[in-house]
> 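I'd like to ask some things about the structure below.
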Amino acid sequence: MSGLYAFLASLGFAVLFNVPKNRLFYAGLAGGIGGSVYGFALYCGSSETIALLYASISLSMVSEIMARLLRCPSTMFLISALIPFVPGGGAYYTVLSIIEKNNELALHYGLSVIAQAGAIVLGCVLVTGAFAMIRSFEIHRHKA
Amino acid sequence: MVEHDTLARTVTKAGMILLENGAETNRVEDTMQRLCKAYGATIVDTYATPTLLIVSFTLNGQLVHNIKRIHIQSTNLARIDAVNSLSRQACAGLLSCQQLDEKLDEVKAYRPYSIPARILGASVCTFGFALFFHGTLPDAICSFVIGAVVQAFMIMLNRYHISAVFRNILGGALLSGLSVTASRFIPVTGSTVSISVLMLLVPGLAITNAIRDSVNGDLVAGLARGLESILTAISIAVGSGFILLLLGGGL
């Protein structure tokens, strides 16, 4: 189910970022796949942070593959798909706890936000790096 | 034969469109470099940060430089896609420099989605978020409405030249004010609604580009975009935190 919800959220963002009409669906799809992986990982009992890592890896891979198939920048899918996973909720509770003068809770939320953001970044970087490596291998082979 | 001036202006225009509409630094530099080489320039150097564009090349033995100050505007990925495919065509030798320049002007004139479409997009988005954050159906419907209001407000503010920080403070204040008020009168969870609508203002593009730029080794651009996203996040927090304080943090 979280896949469907993430699909809706990514689709909405794709409109806000002016993704061309014929590619709106694909941008939503990348988010949806990330959401399904995230939901499945949580269901299998992995922690929030690890689930986000899996989601981020899967949606970056999907975006890169779609970018190659449809011959357009991968940014188009990646940005819309990545946004639902930004730990906005954690950041909100951090600020809320600071306002309520509950510093321990604020620290707890703040640290988990940093860990989650790190997990998303790591997943994205791993996949982008791997695809850049494949591309440079291909270019070398053409030259040889 | 391509004139120096024409090539320099056209290439800078392509780079400017890419940068203004949210492309990552690597793509901007790479596209400009390819275009220059496609039209016969040698010793090409390009440099881009979120605020500045520099291109330098040698054509027919003459050294040419061009510098452009950039003001990043709204995100329009359709324009980036269009420039990308134009650059492919130009590198394949299908476009003369003159034609490319005319096509770039057409891309510049691309309209974004209409205002109702953008407001609807924002509502669908917040609706999805509310359910994604384990909200109930009333939460989602409430987010749908507040999302539309906040997006309309942000579109209105975008018409005036107000600094981004102040805009985000106002946006954050409006969204938390509305969702706390709503949670007082109808049975919805104030925090879930707030978080869902909050995601509209989150600087997703700046964060993603900051990461990609830093990883690609464009450290100056990465730092600038990182600072942009941190500033935005802080201003949203200030806006909504202020309202929560005023309303007694009642959730």
Side-chain angles (χ1 to χ4, degrees), chain A residues 1-21 23-24 27-28 31-32 35 38-39 70-96 98-101 117 120-122 124-125 128-129 132, chain B residues 21-24 27 74-82 84-85 88 110 112-113 117-118 120-134 140 147 151 176 191-192 194-196 198-200 202 204-205 207-209 211-212 214-216 233 236-238 240-241 244-245 249 251:
Chain A
M1 274 320 262
S2 52
L4 180 66
Y5 304 149
F7 173 81
L8 282 181
S10 307
L11 192 68
F13 257 110
V15 173
L16 293 186
F17 286 147
N18 286 297
V19 172
K21 279 197 190 73
R23 299 203 173 114
L24 279 179
Y38 170 75
L70 300 171
R71 292 194 149 246
C72 57
S74 64
T75 323
M76 194 176 268
F77 310 113
L78 192 61
I79 293 172
S80 333
L82 210 58
I83 286 187
F85 304 99
V86 172
Y92 178 81
Y93 286 121
T94 310
V95 174
L96 194 65
I98 292 173
I99 289 172
E100 286 169 350
K101 297 214 170 117
I120 296 172
V121 170
L122 188 65
C124 186
V125 165
T128 318
Chain B
N21 289 293
E24 68 269 28
R27 179 181 303 283
S74 59
T75 312
N76 192 331
L77 296 179
R79 287 189 189 145
I80 296 179
D81 184 37
N84 197 44
S85 55
R88 270 179 212 275
Y110 274 14
Y113 281 110
R118 268 184 283 165
L120 184 68
S123 318
V124 169
C125 180
T126 46
F127 184 81
F129 273 126
L131 295 172
F132 188 64
F133 294 135
H134 311 292
Q151 182 64 23
S176 65
S191 54
T192 310
S194 291
I195 296 168
S196 316
L198 196 92
M199 297 303 274
L200 273 186
V202 165
L205 183 84
I207 295 175
T208 320
N209 273 340
I211 297 165
R212 302 188 95 188
S214 316
V215 173
N216 281 332
I236 298 171
V238 166
S240 56
L244 287 181
L245 269 183
L251 281 175

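Letters A, B, ... are given to chains in the order of the sequence lines, protein chains preceding strands, and every chain is numbered from 1.
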> With side chain to side chain contact (heavy atoms under 4.5 Å, CB included) as the criterion, how do B:Q151 and B:T126 come out once you've worked through the C-alpha distance, each side chain's angles and the decisive distance to 0.1 Å?
CA-CA 10 Å; B:Q151 182 64 23; B:T126 46; over 6 Å; no
> Once you round to the nearest 0.5 Å, how far does OH of A:Y92 lie from OG of B:S176?
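It is 6.5 Å, given to the nearest 0.5 Å.
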> Looking at side-chain heavy atoms only, is the closest gap between B:R212 and A:L78 below 4.5 Å?
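Contact flag for B:R212/A:L78 side chains = yes.
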> Suppose we call two aromatic rings close when their centres sit under 6.0 Å apart. Are A:Y38 and B:F132 close by that rule?
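Yes: the rings meet the under 6.0 Å criterion.
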> What part of B:L198 gets closer than 4.5 Å to chain A, counting heavy atoms only: side chain, backbone, both or neither?
side chain
> Is it the side chain or the backbone of A:I98 that comes within 4.5 Å of chain B heavy atoms, both, or neither?
neither
> Do you know which of A:T128, A:L11, A:L82, A:V86 has the most heavy-atom pairs with chain B at a distance under 4.5 angstrom?
A:V86
> Heavy-atom distances under 4.5 Å only: say whether A:V95 touches chain B with side chain, backbone, both or neither.
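For A:V95, the side chain is the part near chain B, not the backbone.
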> For B:L120, is it the side chain, the backbone, both or neither that has a heavy atom under 4.5 Å from a heavy atom of chain A?
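For B:L120, no heavy atom lies under 4.5 Å from chain A.
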> For B:N84, which residues count as a side chain to side chain contact (heavy atoms under 4.5 Å, CB included) partner, sequence neighbours excluded?
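Side chain to side chain contact (heavy atoms under 4.5 Å, CB included) check on B:N84 returns A:P73, B:R27, B:R88.
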> Of all of B:I195, B:I211, B:V238, which one pairs up most often with chain A through heavy atoms under 4.5 Å apart?
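Of the candidates given, the most pairs with chain A belong to B:I195.
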> Using heavy-atom distances under 4.5 Å, tell me whether A:F77 contacts chain B through its side chain, its backbone, both, or neither.
neither
> Go through A:A132, A:P84, A:G129, A:G35 and name the one with the most non-hydrogen pairs under 4.5 angstrom from chain B.
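Most pairs with chain B among the choices: A:P84.
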> Quick check for you: among B:A140, B:C125, B:G128, which has the greatest number of heavy-atom pairs under 4.5 Å with chain A?
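Of the options given, most contacts go to B:C125.
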> Only counting residues at least two apart or in another chain, list the ones meeting side chain to side chain contact (heavy atoms under 4.5 Å, CB included) with A:L8.
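A:L8 satisfies side chain to side chain contact (heavy atoms under 4.5 Å, CB included) with B:V124, B:F127 only.
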> Check whether any side-chain heavy atom of B:D81 lies under 4.5 Å from a side-chain heavy atom of A:R23, and answer yes or no.
yes
